[in-house]
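This report concerns only the one structure given below.
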Amino acid sequence: MARVVPLGLGAAVSPTVLTVSVLLMCSPRRPVARGALFALGVLSVLAVISVLGITVLDRFADHHPSATERAVSDSVDLVLGLVLLALAARTALRPRDPTTERTARHPADHDGLARAYALGLVMMATNVTTIVLYIPAMRDIGRADVSTSDQAVALLVMLGFASLPATVPLLLRVVVPGPAQRALTRLDGAMTRHRRAIVLAVEIVFGVYLIVRGL
């Protein structure tokens, strides 16, 4: 848990997924149904990565790794940390694209439950920052010298963290629809104003974290 939870916290910060989820929840057209399918799309991608991560990485990982295997594992952390720092540089240097932002901000313009599910798949599959943090967590879970039930708990914790941007707005909309819609509208404005700064902070902080962990 000490190794998985920090990665889960970083994976939970996904302004783009959160923004789309909030917009779906504020839509007048079947917000709960479309939000649920959007969240299901996000969870589907995470589930596939989880299965591949646990099975593939566990096949090559000894629960008592040798010095060479530990070196390879640490190198993976270093590479993923450098990837995050490269993404941070791209985020900082890339000019704002109003066309792309307008497209991302209006998923509610395209009605249909199948499209909501497909949107969840695409948003998470292209969410590189979350995936880069999710992969080393799956490796840690697969290599952990603990029982299968403990591995399952750690996997569910990581899955829950990474899917928070899609599931929390949906739960709020179901439990307290009126207050939730007002709060989510304000949150959407704040996320839109500070999206780049939030993404940049996550990429830098967890890029450095993975590099330090690898070293």
Side-chain angles (χ1 to χ4, degrees), residues 5-47 49-50 84 87-88 90-92 94 96-98 100-110 113 115-134 137 156-207:
V5 169
L7 295 171
L9 292 174
V13 182
S14 180
T16 306
V17 174
L18 179 61
T19 298
V20 174
S21 181
V22 167
L23 289 172
L24 288 173
M25 290 302 96
C26 295
S27 170
R29 291 177 293 183
R30 295 184 289 179
V32 174
R34 294 168 67 206
L37 283 171
F38 175 77
L40 182 60
V42 169
L43 286 168
S44 297
V45 174
L46 292 173
I49 298 174
S50 300
L84 282 177
L87 291 173
R90 187 190 68 171
T91 300
R94 183 177 55 190
R96 299 186 64 178
D97 186 352
T100 302
E101 290 187 2
R102 281 196 299 270
T103 302
R105 282 188 55 74
H106 293 283
D109 292 344
H110 305 285
L113 300 180
R115 289 182 178 179
Y117 177 72
L119 184 61
L121 291 175
V122 172
M123 295 301 297
M124 183 51 67
T126 57
N127 191 353
V128 181
T129 302
T130 294
I131 292 174
V132 168
L133 291 171
Y134 200 82
L156 290 176
V157 168
M158 190 66 193
L159 190 64
F161 272 123
S163 62
L164 283 177
T167 55
V168 168
L170 174 63
L171 292 175
L172 290 175
R173 187 68 170 76
V174 171
V175 177
V176 283
Q181 187 165 3
R182 294 190 293 271
L184 292 173
T185 300
R186 292 193 295 269
L187 177 62
D188 174 46
M191 295 296 294
T192 301
R193 289 192 300 272
H194 305 294
R195 181 185 306 170
R196 175 177 290 201
I198 294 170
V199 172
L200 187 62
V202 170
E203 290 169 344
I204 292 175
V205 169
F206 286 93

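Residues Ala12 and Leu164 share a closest heavy-atom pair of CB-CD1, 4.2 Å. In plain terms, the two heavy atoms of Ala88 and Ile204 that are nearest each other are CB-CG1, 3.7 Å. Nearest heavy atoms, Val45 versus Leu121: CG2-O, 3.5 Å. The minimum heavy-atom distance linking Gly10 with Leu133 is given by the pair C-CD1, 3.5 Å. Considering all non-hydrogen atoms of both residues, Ser163 and Gly160 come closest at OG-O, 3.3 Å.
Considering CG of Leu40 and OG1 of Thr167, their distance stands at 12.0 Å, rounded to 0.5 Å. Separating the CE atom in Met124 from the OG atom in Ser44 is a distance of 11.0 Å, to the nearest 0.5 Å. Note that the CG atom of Leu46 and the CE atom of Met158 stand 8.5 Å from one another [nearest 0.5 Å]. The line from OG of Ser14 to CE of Met123 is 7.0 Å long, rounded to the nearest 0.5 Å. Distance OG1/Thr130 to CG/Leu7: 11.5 Å, rounded to 0.5 Å. The line from CG of Leu37 to CG of Leu43 is 11.5 Å long, rounded to the nearest 0.5 Å.
Between Val13 and Thr129, the closest side-chain pair of non-hydrogen atoms is not below 4.5 Å. With a 4.5 Å cut-off on side-chain heavy atoms, Leu9 and Phe161 count as touching. Counting only heavy atoms from C-beta outward, the side chains of Phe38 and Val17 approach each other to under 4.5 Å. Looking at heavy atoms from C-beta onward, Val32 lies in side-chain contact with Val174 at the 4.5 angstrom threshold.
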